[in-house]
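Below: one structure, written as structure tokens.
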Amino acid sequence: MSGIGAEGLGAASPHTINHATGIRITPDTPKIDAMLAYAAHGFKCFMLSASKVPLKNCDDCTEHHLTNEQREACECLTCHGFYSASADPERLREMGRRNPGGLVAIRTGAVSGLVVADIDTLDAHGADGITTAATLIKDGLLPRTAAARSGTGGWHLLFAHPGGWIKSGAHRLGPGVDIKGDGGYFVAAPSRHPRTGQPYRWLNDTVSLPLTPLHPRVAERLREKPAPAPSGRPVGLPHIRDRYVIAAVEGEVQRILDTAMVGGRNDALNRSSFVLGTLVGAGVLDQLDAETALRAAAEAVGLIAWTGERQVDATIRSGLTAGSRNPRRLQGAR
Ligand SMILES: [Zn+2]
Ligand SMILES: [Zn+2]
């Protein structure tokens with residue numbers, strides 16, 4: 001199989017790779033072996049807790065790593081859920097050693113070269129993804145590819161990532177058919193579902209490779225488009241006297257306005273809230289003024305319409321709070 005080169009074999013235990021058809025993982029494959037085999041094909045792996053929720057962050061990460069960029073750059077072994085996913089054999093072995101009861105998960109998106117259509121069942125999830133998927137399959141939109149049965153009886157279909165930003169989300173292909181793309185993950189064999197005790201199991205116990213490309217029409221539908229340019233200067237910016245502080249606030253507002261993708265704008269809001277929080281902490285910016293400015297920027301770029309007011313307020317608050325715990329040291333002329 002051309003998909004797995006000699007460099008991959010060094011990292012994976014040989015019995016997990018079948019060159020004729022793909023990666024062989026049975027419910028009895030040791031978790032570390034499975035992760036190494038996935039990683040050899042570029043699927044980045046991490047571990048969830050035995051109860052299927054992300055492992056707890058260390059205190060330092062809880063306090064300081066609040067933006068996605070910080071989470072991505074973090075070097076902790078198991079903090080920040082899928083951000084800890086890796087293809088490095090040493091890291092994967094250590095993850096497995098530290099969390100023998102954990103569930104093996106694979107990060108989706110361009111980092112792993114894959115997008116997963118996650119088909120839910122009426123029984124387990126209250127949405128009939130099977131019927132939705134049947135229609136998509138009939139229309140040729142979900143071609144044959146590597147597939148796994150989930151521990152609750154649903155299905156995971158794996159497709160090659162088409163490039164661009166494929167946003168993860170529930171019901172993106174219709175009722176009960178979720179997409180795990182960029183910013184997502186799924187639980188994979190040899191994990192077992194903590195509630196049902198049932199294994200996540202590849203069809204024929206094999207990840208058939210190479211993955212089929214996502215259908216172009218589906219890719220087109222799922223690909224995140226640049227958000228429309230904001231309409232001029234946000235209204236309702238607070239009146240601030242201090243020139244240094246005005247410049248800082250305007251800089252952060254502009255940074256949010258300049259972010260092209262809606263998904264990226266939430267990160268920008270998070271980061272800018274942190275930055276302004278450092279000024280609140282330093283005592284030169286009023287907390288209410290910072291909230292007002294950030295909210296105006298979020299409104300202007302459509303974030304409030306997109307994620308809702310509560311999400312925006314929560315993002316602003318957590319960023320401001322974290323930033324104010326790291327007050328900026330102000331020096332030189334102001
Ligand atoms: Zn950490
Ligand atoms: Zn961290």
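This chain uses plain numbering: 1 for the first residue, then up along the sequence. First listed ligand is number 1; within each ligand, the first listed atom is number 1.
- Metal site remark for the Zn ion (ligand 2): C61 contributes an N, O or S atom at a distance under 2.8 Å.
- Side-chain atoms of R172 and D178, non-hydrogen and from C-beta on, never get closer than 4.5 Å to each other.
- Between D120 and H171, the side chains place no donor N or O within less than 3.5 Å of an acceptor N or O (distance only, hydrogens not considered).
- Taking the Zn ion (ligand 1) as the apex, the angle formed with SG of C79 and SG of C58 is 110°, to the nearest 10 degrees.
- Among the backbone and side-chain atoms of C76, an N/O/S atom is found under 2.8 Å from the Zn ion (ligand 1).
- Here the side chains of N99 and T78 are in contact, with some heavy-atom distance below 4.5 Å.
- When distances from the Zn ion (ligand 2) to the N, O or S atoms of H65 are compared, ND1 comes out shortest.
- In summary, R201 and D205 engage in a salt bridge, as defined by a charged side-chain N under 4.0 Å from a carboxylate O.
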